[in-house]
Participant: 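Before I ask anything, let me first share the structure, which is written out below as structure tokens.
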Amino acid sequence: MSVPLFTPVTFRGLTIRNRIGVSPMCQYSSQDGFANDWHLVHVGSRALGGAGMVIMEATGVTPEGRITPLCHGIWKDAHIDFLKRITAFTIGHGAAAGIQLAHAGRKASMAAPWEGGKRLKKPEGGWTTIAPSPLAFSPDMEAPHEMSLDDIKRLKDDFVAGARRAVAAGFQILEIHGAHGYLLHEFYSPLSNKRTDEYGGSEENRFRLICEIARAIRAEIPQQTVLAVRRSCSDWQDGGVTIDDTVRLSAALKKEGVDFIDCSSGALTPDGKIPVGPNYQVPFAKSIREKAGIATAAVGMINEPSQANDIIAGDEADMVFLARAMLRDPYWPLHAADVLGAEMDVPVQYLRGYRSEQIARPRQKKTG
Ligand SMILES: Cc1cc2nc3c(=O)[nH]c(=O)nc-3n(C[C@H](O)[C@H](O)[C@H](O)COP(=O)(O)O)c2cc1C
């Protein structure tokens, strides 16, 4: 009997071995944007652990687009080389390699969480942030610089250049970060966008930037490269983004050649009231899938194998993305296969660690 969580799914000819994705997670472990051994081992162990796809963390398309000075980046060609090792290892162990392209907008220039997580001032290594409108994220932060039309044009070019480098590095899935109160979310939410030009005001104008970036990236990348967008499907706040807006924007993104929507929510302001709990964002994934006719990933407090399997079995989403559960257990997919009775490919080097030879189908030996 096939277990829905462990059935393959295909996007644009890229077949993903199961429905489990590693959600993008900042590691705050780069210098000058470069990936290093930490990223190779972090991403690589989750590929060994059996995930269908691993989406590498929010990756700044410009230095100022990073959340912190320690965030990962892809603003220069020199970043490509090390990333090739990560994609080769990931793909070599059966997972699809993805990366999240990001600009943190008014939420940039912060210290890493374990260094206090506070806004960095210029003498501390911080920088001036940018946003659609000069509105601070919270009262204790200074207002960002309002982007000019030239700034917007440059930003689009930066996203496209980042996408080109990601493809050159071997990534098969590019995810545009349009969630969590970062720059592209700041443009489509009426709470943070008070512009009066063609990028503000009406829904069409607020949706314009993210659609233009998706279109420009799609035109740049190979036909077979999968394009995803992470969205905050609700601002959880009066006057903010609602699921109905999100369905319309998702349909527009589908027309631009986006293949799936990764359905997150919140984080535009410090005071949204988020009803966090198991599956709390799954209804977004279901609604977008049904009403906008585009594939979705569900994310947020999906921790248990049967819970994840039920989401896929119930046609609520095409993928489940896990973050914190994957920090606790990079081998979550192999353990879930064991619990659910699914056949799972185990690295041949690790076969003796698995109790059931029926479940543990030897994965082709890879030494690299
Ligand atoms: C350490 C950490 C770093 C994160 N970094 C990112 C990121 O780079 N991009 C992003 O879109 N979400 C990021 N998130 C959010 C997760 O991808 C995920 O949406 C969230 O944690 C909810 O899923 P979970 O309940 O499975 O942890 C991060 C979460 C954690 C715990």
Side-chain angles (χ1 to χ4, degrees), residues 5 19-30 33 35 38-39 42-43 45-46 49 51-61 65-74 86 98-105 107-108 110-115 117 159 162 166 171 173-186 210 228-234 236 260-268 272 274-285 296-305 307-308 311 317 319-330 332-333 335-336:
L5 188 62
R19 307 305 183 96
I20 305 163
V22 179
S23 201
M25 280 184 280
C26 294
Q27 299 297 295
Y28 314 104
S29 299
S30 296
W38 174 265
H39 302 88
H42 168 71
V43 171
S45 35
R46 280 147 190 87
M53 60 170 79
V54 186
I55 310 287
M56 229 182 127
E57 65 195 86
T59 296
V61 294
R66 290 173 296 174
I67 303 168
T68 77
L70 299 178
C71 284
H72 186 237
I74 195 151
I86 297 180
I99 188 168
Q100 191 182 50
L101 301 174
H103 193 298
K107 290 175 76 177
M110 306 294 288
W114 52 81
E115 291 177 352
F159 265 96
F171 287 100
I173 302 165
L174 310 187
E175 180 176 274
I176 300 170
H177 199 342
H180 302 167
Y182 297 120
L183 188 55
L184 300 183
H185 182 185
E186 290 160 20
I210 194 164
V229 175
R230 173 164 269 202
R231 303 279 327 281
S232 274
C233 301
S234 168
W236 300 112
F260 71 86
I261 306 289
D262 173 5
C263 303
S264 190
S265 72
L268 183 80
I274 308 180
V276 176
N279 286 11
Y280 73 108
Q281 295 174 141
V282 174
F284 298 138
T296 59
V299 65
M301 300 280 284
I302 301 168
N303 292 324
E304 300 303 325
Q307 178 193 6
I311 292 167
M319 297 285 303
V320 289
F321 277 13
L322 281 69
R324 287 164 292 181
M326 288 282 185
L327 293 183
R328 293 188 289 274
D329 180 8
W332 192 97
H335 298 149

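All ligand and atom numbering here is 1-based and tracks the order in the structure.
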Participant: Below the 3.5 angstrom mark, is there an N/O of Ile302, backbone or side chain, next to an N/O of ligand 1?
Facilitator: no

Participant: Between the side chains of Ser30 and His72, does any donor sit under 3.5 Å from an acceptor?
Facilitator: no

Participant: Taking distance alone, with N or O pairs closer than 3.5 Å, would you say Glu57 contacts ligand 1?
Facilitator: no

Participant: Over 60° means perpendicular and under 30° means parallel, so classify the ring planes of His180 and Tyr182, tilted if in between.
Facilitator: perpendicular

Participant: Below the 3.5 angstrom mark, is there an N/O of Leu327, backbone or side chain, next to an N/O of ligand 1?
Facilitator: no

Participant: Looking only at distance, does Ala325 have an N or O less than 3.5 Å from an N or O of ligand 1?
Facilitator: no

Participant: Please say whether Ser264 places an N or O atom under 3.5 Å from an N or O atom belonging to ligand 1.
Facilitator: no

Participant: Quick one: does any side-chain atom of Gln100 pair with a main-chain N or O of His177 as donor and acceptor, under 3.5 Å?
Facilitator: no

Participant: So which of Met25, Glu175, Arg230 gets nearest to atom 15 (C) of ligand 1, if we judge by its closest heavy atom?
Facilitator: Arg230

Participant: Given side chains that start at C-beta, do those of Leu268 and Ser232 come closer than 4.5 Å, heavy atoms only?
Facilitator: no

Participant: Going by the order shown, which atoms of ligand 1 are within less than 4.0 Å of some heavy atom of Ser23?
Facilitator: 16 (C), 17 (O), 18 (C), 19 (O)

Participant: On a heavy-atom basis, I'd like to know which of Ser232, Pro24, Gly178, Gly300 is closest to atom 23 (O) of ligand 1.
Facilitator: Gly300

Participant: Closer than 3.5 angstrom, by distance alone: can the side chain of Thr296 be matched with the main-chain N or O of Ala285 as a donor-acceptor pair?
Facilitator: yes

Participant: So which bit of Gln100 gets within less than 4.0 Å of ligand 1, heavy atoms only: side chain, backbone, both or neither?
Facilitator: side chain

Participant: Is Arg231 close to His185 at the side-chain level, that is, under 4.5 Å between some pair of heavy atoms?
Facilitator: no

Participant: Heavy atoms only: which of His180, Arg324, Gln281 lies closest to atom 27 (O) of ligand 1?
Facilitator: Arg324

Participant: For Phe260 and Phe321, take the angle between the two ring planes, folded into 0 to 90°, and tell me which bin it lands in: parallel under 30, tilted 30 to 60, perpendicular over 60.
Facilitator: perpendicular

Participant: Evaluate the side-chain proximity of Val299 to Arg230: yes if any heavy-atom separation is below 4.5 Å, no if none is.
Facilitator: yes

Participant: Report yes if Ala323 has an N/O atom closer than 3.5 Å to an N/O atom of ligand 1; otherwise report no.
Facilitator: yes

Participant: Would you say ligand 1 has an N or O under 3.5 Å from any N or O of Phe321?
Facilitator: no

Participant: To which protein heavy atom is atom 3 (C) of ligand 1 closest, and what is the distance rounded to 0.1 Å?
Facilitator: Cys26 N, 3.3 Å

Participant: Atom SG in Cys26, atom CE in Met56: separation rounded to 0.5 Å?
Facilitator: 10.5 Å

Participant: Give yes if a backbone or side-chain nitrogen or oxygen of Tyr28 is under 3.5 Å from a nitrogen or oxygen of ligand 1, and no if not.
Facilitator: no

Participant: Can you tell me if Ala179 has a non-hydrogen atom under 4.0 Å from ligand 1?
Facilitator: no

Participant: Provide the closest heavy-atom pair for Tyr280 versus Ser265 in the form atom of the first, atom of the second, distance.
Facilitator: CE1-OG, 4.2 Å

